[in-house]
Amino acid sequence: MLTAITRQVSPSINKCELTHLERQSIDLTIAKNQHENYVNILRSLGMMMISLPPEADMPDSVFVEDTAIVLDEIAVITRPGADSRRPETISTASALSAFRKLDFIKSPATLDGGDVLVIGKTIFIGLSSRSSHLALKQMQNTLSPYGYHITGVEISGCLHLKSAVTQIAEKILLINPKWAKENSFAGMNFIEVDESEPYSANALLVGKSVVFPTAYPKTQQRLKAAGIPTIPVDISELAKAEGGVTCCCMIFRS
Ligand code: CIR
């Protein structure tokens, strides 16, 4: 069975970190409704849902993906690259401790879960402004004994590795080739995003289903043409905080 941990939208989301977007007002009611709909979609895919309560003083805390990497054998609690986000890990670590042995990224290393793409026993880590080479080394030390191979990926122009590339089928990645290079991912096939939708590489694969934002119809058409149906979700308010569909959950086998 799959379990998904999510966290309700913080009432302070308008104070979120922003790196590549101009600040726009986020309507809290719409954001909460969109998030609830997203949670319902995950539930409808058969997952057991764990919803953490909102954190009033942690604006970005709905983006739980950044706080931990959950593997079958262990969960690694991150040390997020933005100072404001570090306290978010306390409650996710507590929730995950019921399911996994925990390890922790240690100071001064920093890692955001959005930079970590796990494909089987290979773990790609985006070397972004949030995730350091030192964290990559710590991940190697912690996870090599479990048979994982860790590899760094250069990205540019986007916040996280998974802003640039996500897995949409066993051997297929959805990618924005301007932000990450295809030759970083040996043995994989690619669908490139429509150039007019640079943010559309962030899709959420659950089993064989692909949850995909309604904001990107041209890339959605490309997926459809490739025989990959999508489940549409409107997360436009959360996108104003630079969040996508992978960021709002941590999914693991339970
Ligand atoms: C941040 O800058 O940390 C948040 N405003 C957005 C985080 C999005 N997380 C993700 O892509 N994994």
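Each ligand, and each atom within it, is numbered from 1 in the order the structure gives.
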TODO: For the pair E237 and K32, find out whether any cationic side-chain nitrogen is under 4.0 Å from an anionic carboxylate oxygen.
DONE: no
Task: Lys/Arg N to Asp/Glu carboxylate O, D115 vs K162, below 4.0 Å - done: no
Open item on the list: Regarding N202 and T246, do their side chains bring together a donor and an acceptor under 3.5 Å, going by distance alone?
Closed with: yes
- [ ] Taking only heavy atoms of the protein into account, state which residues are under 4.0 angstrom from an atom of ligand 1, in chain and number order.
- [x] E17, D60, F63, E65, D66, R85, G114, R130, L159, H160, A241, E242, C247
Task: Pair F185 + F124: ring centers closer than 6.0 Å - done: yes
Task: Charged N-O contact under 4.0 Å between R100 and D103 - done: no
TODO: List for me each residue that meets side chain to side chain contact (heavy atoms under 4.5 Å, CB included) alongside E73, sequence neighbours excluded, and say none if there are none.
DONE: L71, K121, Y146, Y148
